[in-house]
Amino acid sequence: MAGSPDHLFNLRNNFYLGSYQAAINNSDLPNLSPDDAVERDCLVYRSYIAFGSYQLVINEIDSSAATPLQAVKLLALYLSNPHDKESTISSLKEWLADPAIGNNPILRLIAGIIFTHEEDYNEALKHTNAGGTMELHALNVQIFIKMHRSDYAERQLRVMQQIDEDHTLTQLANAWLNLAVGGSKIQEAYLIFQDFSEKYPMTGLILNGKAVCCMHMGNFDEAETLLLEALNKDAKDPETLANLVVCSLHLGKSSSRYLSQLKLTHPEHILVKRASSAEDSFERAVQSVA
């Protein structure tokens, strides 16, 4: 219905920008349609997932819940038990193959997120590439950037700009693409994050975005200040810790404490894996010389 108010606008915005607690706290919205109520619940449960509260989500979503909520529960199951991912992935594939629910946008989104985690980008794109929602388009941008295909990412961004140029996800996708392209585009990315920080409460996501831009531009002192502010907001955030490792190395400071924290809280993080494989290579080199 054209012109009807978007009751979920603020809730979505809080979620997109990483204000997860605000999304949870301000979710008690009156007069929602059944579809809006399901979308609201999905955003709230995904906010709990962002906090690592997987068990709460698993316990609260029962088998009678709507398909989008079942999909969110699958994401919680997948992230809560990295050593038993196979059963979650086989359930996901079963649901995607079911013609009655396989085309549900939230199910396709969760499939995209899970297969992106698995670094199976082609499988992810099978389910996300058709788009249909701004979140699916934004995920496509992220996937193409991970595949080093900024040309395809740019096409997706153009689609988003045609739908709604001012949408928070369009702006975020634009910033991600600018960071991936680099060069003079870094300043443009910085201005997008700066604009967010002036319009909305400062979040770890916005602070990390600004900090990464600063590091690209060689402003490591400013990046460190922003990242320490982000660390105050969430001492376990993996992106903040990973960026502090990189920033500290450039400033000639010890990064071992941040790396230790990252290893403890997010052992699967790519920086931890890379550091471990570098340590293994070093050990092998020492062995061969010894």
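Everything numeric here is computed off the predicted structure, so don't read it as measured data.
Taking all atoms of both residues into account, the shortest heavy-atom contact from Glu165 to Gln171 is O-NE2, 2.9 Å. Smallest separation of non-hydrogen atoms from Asp237 and Thr240: OD2-OG1, 2.7 Å. Here the closest heavy-atom approach between residue Leu259 and residue Val245 is recorded as N-CG2, 3.7 Å. Contact detail for Gly131 and Arg108: the closest heavy-atom pair is O-NH2, 2.8 Å. The heavy-atom pair separating Ile58 from Ser80 by the smallest distance is CD1-OG, 3.7 Å. Across every non-hydrogen atom of Ile110 and Ala71, the tightest pair is CG2-O, 3.4 Å.
The shortest side-chain heavy-atom distance between Glu118 and Ile89 falls under the 4.5 Å cut-off. Annotation: side chain of Leu92 is in contact with side chain of Leu96 (closest heavy-atom distance under 4.5 Å). Between Lys146 and Thr116 the shortest side-chain heavy-atom distance falls below 4.5 Å. The closest side-chain heavy-atom distance from Glu135 to Tyr16 is below 4.5 Å. Within the 4.5 Å cutoff, no side-chain heavy atoms of Met134 are placed close to those of Arg12. Contact of the Arg274 side chain with the Ile270 side chain is registered, since non-hydrogen atoms from C-beta on lie closer than 4.5 Å.
Atom-to-atom distance recorded for Ser255:OG and Leu241:CG is 11.5 Å, nearest 0.5 angstrom. From Glu60, atom CD reaches atom OG of Ser53 across 10.0 Å, with rounding to the nearest 0.5 Å. Here Ile186 contributes atom CD1 and Cys213 contributes atom SG; the two are 6.0 Å apart, rounded to the nearest 0.5 Å. How far CG of Asn219 is from NZ of Lys210: 12.0 Å, rounded to the nearest 0.5 Å. Rounding to the nearest 0.5 angstrom, the gap separating the CD atom in Gln156 from the OG1 atom in Thr128 is 7.5 Å. For the atom pair Ile106 CD1 and Leu69 CG, the distance stands at 9.0 Å (nearest 0.5 Å).
Remark: the backbone N or O of Ala153 is not paired with any side-chain donor or acceptor of Ser150 at under 3.5 angstrom. Listed for the Gln261 side chain is no donor-acceptor partner under 3.5 Å among the backbone atoms of Lys236.
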> Between Tyr152 and Met147, is a side-chain contact (heavy atoms from CB on, under 4.5 Å) present by the stated rule, with each step listed?
Replying inline: CA-CA 10 Å; Tyr152 282 108; Met147 295 172 81; over 6 Å; no
> Could you go step by step and tell me if Asp234 and Phe51 meet the side-chain contact (heavy atoms from CB on, under 4.5 Å) rule?
Replying inline: CA-CA 10 Å; Asp234 180 359; Phe51 282 139; 5.5 Å; no
> Is there a ring-ring contact (aromatic ring centres under 6.0 Å, His included) between Tyr20 and Phe15 once you walk through the steps?
Replying inline: CA-CA 6 Å; Tyr20 302 119; Phe15 177 75; 5.7 Å; yes
>> Before you tell me yes or no, could you show the steps for Asn174 and Thr170 under side-chain contact (heavy atoms from CB on, under 4.5 Å), namely the whole-Å CA-CA distance, both residues' side-chain angles and the distance that decides it to 0.1 Å?
In response: CA-CA 6 Å; Asn174 198 353; Thr170 308; 5.7 Å; no
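The environment of CG in Asp151 is crowded: more than 12 heavy-atom neighbours from other residues, nucleotides or ligands sit within 6.0 Å. Around the CG atom of Asp62, the shell of radius 6.0 Å holds more than 12 heavy atoms that belong to other residues, nucleotides or ligands.
The aromatic rings of His250 and Phe220 sit parallel, their planes meeting at an angle under 30°, below the 60° perpendicular limit.
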